[in-house]
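Reviewing the structure listed below.
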2 protein chains.
Amino acid sequence: MDDSVDAAILAEVSRDPRATLAQLGERVGLGVSAVQARLRRLESSGVITGYRAVLDPEKVGRSLSAFIEITPLDPSQPDNAPEVLEHLSAIEACHSIAGDASYMLFVRVGTPRDLESLIRDIRAAAAVSTRTTVVLQTFYENRPIALEA
Amino acid sequence: MDDSVDAAILAEVSRDPRATLAQLGERVGLGVSAVQARLRRLESSGVITGYRAVLDPEKVGRSLSAFIEITPLDPSQPDNAPEVLEHLSAIEACHSIAGDASYMLFVRVGTPRDLESLIRDIRAAAAVSTRTTVVLQTFYENRPIALEA
DNA sequence: CGTGAAATTCTTAGGGA
DNA sequence: TCCCTAAGAATTTCACG
């Protein structure tokens with residue numbers, strides 16, 4: 001991204017990636033082929049890494065979400081927690097963090113029992129202790145990144 | 001969502017919402033207009049709440065992300081933190097949580113100084129104390145929700 | 001960056017299992 | 001009800017100025 005037109009395109013495509021090139025063009029003040037060329041450049045240069053549909057978690061059986069902090073039981077062992085946990089599809093995100101724990105996961109499950117079994121799976125797969133913080137209500141998430149000029 | 005074909009459509013559209021109806025149809029074993037009808041129904045029934053482009057945070061000047069737990073300074077006061085914080089566009093998500101703090105935010109900024117000023121803004125706007133956990137590395141995030149059946 | 005034409009895709013109406 | 005086919009409209013694509 002280098003100028004304000006690209007920033008405008010990114011802002012629009014973040015909100016509504018299924019808009020037509022003509023619609024995007026109108027919103028940013030460009031013609032169809034100019035928007036297309038810039039979009040392609042933003043994709044192939046890796047500024048845009050992909051597209052997602054946002055689903056209502058309740059309506060797809062994932063009513064319960066939680067943060068799970070994890071810490072290796074044996075700090076002298078090699079630590080490959082992110083890889084060994086990757087196959088657990090309930091894990092939506094995995095970050096290494098500064099603080100007491102080593103990693104912060106964000107997970108989505110259907111029920112408290114699913115959460116219990118997920119936590120067990122995590123402990124077994126990665127040889128870690130866990131500290132779980134249940135989400136009671138989500139006010140907003142997945143807000144598009146706001147771009148400065 | 002009611003059956004396995006809808007689940008397959010959701011899985012595909014979660015990963016690649018810009019695929020054509022013909023591509024989606026081929027992947028789930030349906031014709032164009034059948035896929036279109038189901039997609040429309042999934043959208044208007046609120047199972048699909050929207051679409052997003054995923055941007056590379058580094059490349060849009062948001063190299064630093066963090067979790068911020070916040071707790072109201074005066075628990076007897078009415079608590080409307082999510083609303084008063086909503087205008088801070090660096091905040092990507094806001095959840096109410098079970099645990100010591102009241103809310104968990106996920107934020108993205110450009111620099112440590114931006115994080116400092118964001119934390120100050122949060123404290124001032126919502127009359128809260130904060131506890132910040134900086135993200136050192138993100139292994140994965142925004143993974144599509146995996147659907148059963 | 002815009003124009004224009006060809007290729008592809010979307011949309012809708014109609015009919016069949 | 002759910003799906004398919006088919007035709008017209010809209011969009012994407014790409015060479016050229």
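Computed from heavy atoms alone, side chains included, the values below leave out hydrogens, waters and symmetry copies. Naming convention: chains lettered A, B, ... in sequence-line order (proteins, then strands); numbering from 1 in each chain.
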Practice item. Figure out the CG/C1' separation between L39(A) and dT13(D), and round it to whole Å. Key: 13 Å
**Study point:** Proximity to the side chain of R40(A) - top-ranked nucleotide from dT13(D), dT11(D), dT11(C)
**Key:** dT13(D)
Practice item. Could you tell me whether S33(B) contacts a base, only the sugar-phosphate backbone, or nothing, with contacts defined as non-hydrogen atoms closer than 4.0 Å? Key: base
Point to revise | Note: E141(B)-R108(B) ion pair, threshold 4.0 Å (strictly below) | key: yes
Check your understanding: Checking all strands, does R18(B) fall into the base, sugar-phosphate, or nothing category for heavy-atom contacts under 4.0 angstrom?
Key -> nothing
Practice item. Using atom CD of Q23(A) as one end and atom C1' of dT12(D) as the other, report the distance to the nearest whole Å. Key: 13 Å
Review point. When the distance from CG of L21(B) to P of dT12(C) is rounded to whole Å, what number comes out?
Key: 12 Å
**Study point:** D3(B) CG to dT1(D) P, straight-line distance once rounded to whole Å
**Key:** 15 Å
**Study point:** Salt-bridge present (D16(B), R27(B); N to O < 4.0 Å)
**Key:** yes
Exercise for review: Would you kindly give the CD-to-P distance between E26(B) and dC3(D), to the nearest whole Å?
Suggested key: 17 Å
**Study point:** Nearest-neighbour nucleotide for the A34(A) side chain, dT5(D), dT12(D), dC1(C) considered
**Key:** dC1(C)
Check your understanding: Which nucleotide sits closest to the side chain of V32(A): dT13(D), dC14(D), dC10(C)?
Key -> dT13(D)
Review point. Which of the following nucleotides, dT12(D), dC1(C), dC10(C), is nearest to the side chain of R38(A)?
Key: dC1(C)
**Study point:** Side chain of Q36(B) - closest among dC14(D), dC10(C), dC1(C)
**Key:** dC10(C)
Exercise for review: Give a yes-or-no answer on whether the side chains of T130(A) and R123(A) include a donor-acceptor pair shorter than 3.5 Å.
Suggested key: yes
Check your understanding: Parallel, tilted or perpendicular: which fits the ring planes of H95(B) and F106(A), with parallel below 30° and perpendicular above 60°?
Key -> tilted
